[in-house]
Colleague: 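Would you mind keeping the following structure in view while I ask a few things?
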Amino acid sequence: MPPLGGNPDREAAVALLTTSCDDSLDAVYTVAPDGPKGHLLACAYERKVAVEEMRGIYAAGGHADPGLTTGAYKLRIAYTTERGPGEAVVTSAAIYIPEERRGDPSPLVVTGHGSVGSADICAPSLEDPDGFEKDWKSLVYTFAGDGWIVAQPDFPGLGTAGVTTWMHGPDEGHAILDATRAARELFASGVLSDKNALIGHSNGGHAVLAAQAYVDDYGAAGSVETVVALNPFWLSNAAWGALISTVGNALIDSTFLALSMMYFRGHLDAYEGPDHALDAFLPDKREAVAALLDSGCWRTVTGAETGPATIGGAQFGADLFIPEYVDEVGLCGFNGMCDTPLSETWRERWVADRPPVLTSTPIVHITGEKDDFLVPGYQQCGIDRLEAQGAPLTVCVEPGSNHSGVVPDSADWVRRHLAHVLLGEAEPEACAGQEVFAEAPTCNLPIPNGLLPTEP
């Protein structure tokens with residue numbers, strides 16, 4: 001093993017690993033896929049994150065410190081994951097190793113970050129000054145600062161080669177599960193136990209719910225004991241078609257138009273290849289669409305003044321998407337009339353992004369009572385789908401929480417839940433449920449909300 005340069009923090013972290021972790025930070029994002037799924041491709045030590053820095057994230061967001069007790073060493077890694085069977089891709093990830101760990105050996109917590117944008121600089125592991133850190137840092141620090149070893153994948157194409165396949169169930173779900181493999185290749189024998197928890201917020205909630213569905217067939221290193229989804233996006237993916245339809249003009253805004261652009265570009269890249277990633281868009285808008293999506297992170301691409309409106313005043317789907325998408329794919333999403341080859345293709349892809357859940361791996365679904373982005377009525381659409389498929393589901397509602405605040409606000413209960421299922425400690429009191437609402441929400445999508453695995 002080469003000398004570690006006299007950095008005691010680095011030495012403390014590397015002492016727990018099977019590797020000297022001496023790759024450059026840049027190398028993490030440039031390696032090619034190799035070896036089986038979950039194979040570690042690169043490892044770089046970055047820094048120690050002091051507990052005071054973690055606490056500062058909560059203060060900056062107007063939240064109380066949720067009881068953080070320890071700093072953590074941060075590594076960046078890359079590993080092989082799979083899109084389809086035998087179709088290897090790369091994802092980067094951050095690993096946080098607390099100075100004082102919960103459990104010896106320690107369970108592994110894998111976190112799915114919320115939407116950050118699709119440009120490479122948005123990859124959470126990079127912590128680029130121009131990136132977007134509003135939600136993912138509180139998600140990671142909630143658990144790393146409580147002593148849990150945390151792995152957080154960036155997801156394929158975010159920082160690494162290729163286009164970000166935002167909301168693509170196979171890419172995101174597989175990357176979550178392969179993090180369990182990469183971590184156990186990274187850490188020395190005896191550091192990690194064989195237990196895992198998967199915790200995701202918003203789009204990361206989509207990622208961990210997809211991972212839950214894939215556990216039996218795709219596998220993981222160790223057992224998945226619990227899946228916690230905080231304000232997840234699990235309503236019908238047909239929404240991405242409905243929003244770009246002419247009828248959807250009444251529903252769309254700059255945020256959802258930008259997300260529709262991300263969704264279709266990423267999925268076309270995944271299913272049809274880089275040469276077709278922009279096929280959904282008007283020929284004279286394709287370069288501008290790619291330039292916008294690659295220009296910045298969440299606030300830039302979704303902003304009313306900095307987002308789609310900068311592409312020739314784009315306000316609606318028809319301003320950016322070719323007529324076949326607006327009419328055929330749009331109406332398929334809006335009313336379920338999927339009677340052309342193109343619309344049937346996209347219906348199948350929407351279904352693929354909602355794989356059938358397992359009845360064997362417990363799920364905790366946490367809704368923020370005051371979420372005004374993925375509102376409780378949207379959350380109920382996802383809950384309805386999970387319940388209809390027999391998911392072993394616990395439904396929690398965090399009183400007073402908005403979309404981002406649900407992470408720190410639920411931290412105390414979630415960490416006690418982890419201690420119970422991963423370390424055998426006392427079970428926490430039951431979480432607050434839908435009695436928090438004056439009137440229990442119902443699914444309020446203006447499109448059909450599929451409940452069966454064969455429906456979007």
Colleague: Is the backbone N or O of Thr300 less than 3.5 Å from a side-chain atom of Thr306, with the two atoms forming a donor-acceptor pair by type?
Modeller: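 Checking the backbone N and O of Thr300 against the side chain of Thr306, a donor-acceptor pair under 3.5 Å is found.
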Colleague: Show your working on side chain to side chain contact (heavy atoms under 4.5 Å, CB included) between Leu418 and Ile199 and close with a plain yes or no.
Modeller: CA-CA 10 Å; Leu418 294 186; Ile199 304 176; 3.8 Å; yes
Colleague: Are the charged groups of Lys137 and Glu127 less than 4.0 angstrom apart, N to O?
Modeller: yes
Colleague: Kindly give the heavy-atom pair with the smallest separation between Pro355 and Ala210, and that separation in Å.
Modeller: CG-CA, 4.1 Å
Colleague: Work out which heavy atom in Asn231 is nearest to a heavy atom in Gly368; give both atom names and the distance.
Modeller: OD1-N, 2.8 Å
Colleague: Please confirm whether Tyr271 and Phe264 have ring centers closer than 6.0 angstrom.
Modeller: no
Colleague: Answer whether the closest heavy-atom distance between the side chains of Asp22 and Arg10 falls below 4.5 Å.
Modeller: yes
Colleague: Side chain to side chain donor-acceptor pair (under 3.5 Å), that's the test. Do Ser404 and Asp135 meet it? Break it down for me.
Modeller: CA-CA 6 Å; Ser404 299; Asp135 298 331; 2.6 Å; yes
Colleague: Cys122 pairs by side chain to side chain contact (heavy atoms under 4.5 Å, CB included) with which of Leu158, Asp154, Asp128?
Modeller: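 The residue from Leu158, Asp154, Asp128 that satisfies side chain to side chain contact (heavy atoms under 4.5 Å, CB included) with Cys122 turns out to be Leu158.
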Colleague: Do Ile176 and Tyr214 have side chains that get closer than 4.5 Å, going by heavy atoms?
Modeller: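 When only atoms from C-beta onward are counted, Tyr214 and Ile176 do not touch, as no gap falls below 4.5 Å.
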Colleague: When the ring planes of His267 and Trp346 are compared, do they come out parallel, tilted or perpendicular, using 30° and 60° as the limits?
Modeller: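 Ring orientation of His267 relative to Trp346: tilted.
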Colleague: Indicate yes or no: at least one non-hydrogen side-chain atom of Val215 is less than 4.5 angstrom from one of Leu177.
Modeller: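 Yes, their side chains come closer than 4.5 Å.
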Colleague: Could you check if a side-chain atom of Phe143 sits within less than 4.5 angstrom of a side-chain atom of Tyr96, using non-hydrogen atoms only?
Modeller: no
Colleague: Taking all non-hydrogen atoms of both residues into account, name the closest pair between Met261 and Phe281 and its distance.
Modeller: O-CZ, 3.8 Å
Colleague: Could you tell me whether Arg265 and Asp294 make a salt bridge, using a distance below 4.0 angstrom between a side-chain N and a carboxylate O?
Modeller: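 Result for this pair is yes, salt bridge flagged.
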Colleague: With side chain to side chain donor-acceptor pair (under 3.5 Å) as the criterion, how do Thr340 and Glu328 come out once you've worked through the C-alpha distance, each side chain's angles and the decisive distance to 0.1 Å?
Modeller: CA-CA 7 Å; Thr340 68; Glu328 298 177 28; 2.8 Å; yes
Colleague: Quick one: does Thr255's side chain get under 4.5 Å of Leu259's, heavy atoms only?
Modeller: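 Sidechains of Leu259 and Thr255: in contact.
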Colleague: Using every non-hydrogen atom in the two residues, find where Asp279 and Ile322 come nearest and quote the distance to one decimal.
Modeller: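 Distance-wise, the nearest heavy atoms are O-CD1, 3.6 Å.
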Colleague: Report the C-alpha distance between Arg181 and His39 in whole Å, list the side-chain angles of each, state the deciding distance to 0.1 Å, and finish with yes or no for side chain to side chain donor-acceptor pair (under 3.5 Å).
Modeller: CA-CA 7 Å; Arg181 296 181 169 99; His39 177 57; over 6 Å; no
Colleague: How about Phe155 and His168: are their ring centres within less than 6.0 Å of each other?
Modeller: no
Colleague: CD1 of Ile244 to CG of Leu320: how many Å apart, nearest 0.5 Å?
Modeller: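 Nearest 0.5 Å value for the CD1-CG distance: 9.5 Å.
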Colleague: On the 0 to 90° scale, with breaks at 30° and 60°, tag the Phe256-Trp240 ring pair as parallel, tilted or perpendicular.
Modeller: tilted
Colleague: Looking at Lys195 and Glu225, is any side-chain nitrogen of the basic one under 4.0 Å from a carboxylate oxygen of the acidic one?
Modeller: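 Salt bridge flag = no for Lys195 with Glu225.
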Colleague: So Tyr263 and Trp166, would you call those rings parallel, tilted or perpendicular, with 30° and 60° as cut-offs?
Modeller: perpendicular
Colleague: Is it true that a side-chain atom of Glu425 and a backbone atom of Arg416 form a donor plus acceptor pair closer than 3.5 Å?
Modeller: no
Colleague: Tell me yes or no: between the side chains of Trp298 and Ser115, is some donor less than 3.5 Å from an acceptor?
Modeller: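 Their side chains do not contain a donor-acceptor pair, so the 3.5 Å distance test is not met.
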Colleague: Checking salt bridge (Lys or Arg N to Asp or Glu O under 4.0 Å) between Lys48 and each of Glu11, Glu53, Glu99, which is the one that passes?
Modeller: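 With Lys48 as partner, Glu11, Glu53, Glu99 yield a single salt bridge (Lys or Arg N to Asp or Glu O under 4.0 Å), made by Glu99.
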Colleague: Given the rule in the side chain to side chain contact (heavy atoms under 4.5 Å, CB included) test, do Tyr29 and Asp120 qualify, once you have shown the distances and angles that lead to the verdict?
Modeller: CA-CA 10 Å; Tyr29 306 96; Asp120 283 339; over 6 Å; no
Colleague: Is there side-chain contact between Leu230 and Leu139, with heavy atoms separated by less than 4.5 Å?
Modeller: yes
Colleague: Does Thr18 use its side chain to pair, donor to acceptor, with the backbone of Glu185 at less than 3.5 Å?
Modeller: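 Yes, the answer is positive, given that a donor and an acceptor are paired below the 3.5 Å cut-off.
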Colleague: Test the Arg347-Trp350 pair against the cation-pi criterion, namely NZ or CZ under 6.0 angstrom from the six-membered ring centroid and within 45° of the ring axis.
Modeller: no
Colleague: With side chains defined as the heavy atoms from C-beta onward, is the minimum distance between Cys43 and Leu186 less than 4.5 Å?
Modeller: yes
Colleague: Work out which heavy atom in Trp413 is nearest to a heavy atom in Val364; give both atom names and the distance.
Modeller: CZ3-CG1, 3.9 Å
Colleague: For residues Ser138 and Ile57, report the shortest heavy-atom separation together with the two atoms involved.
Modeller: N-CG2, 4.2 Å
Colleague: Side chain to side chain donor-acceptor pair (under 3.5 Å) between Asn196 and Thr180: does it pass, once the steps are laid out?
Modeller: CA-CA 7 Å; Asn196 304 287; Thr180 68; 4.8 Å; no
Colleague: Quick check: do Met167 and Met262 have side-chain heavy atoms less than 4.5 Å from each other?
Modeller: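 Counting from C-beta outward, Met167 and Met262 never come under 4.5 Å.
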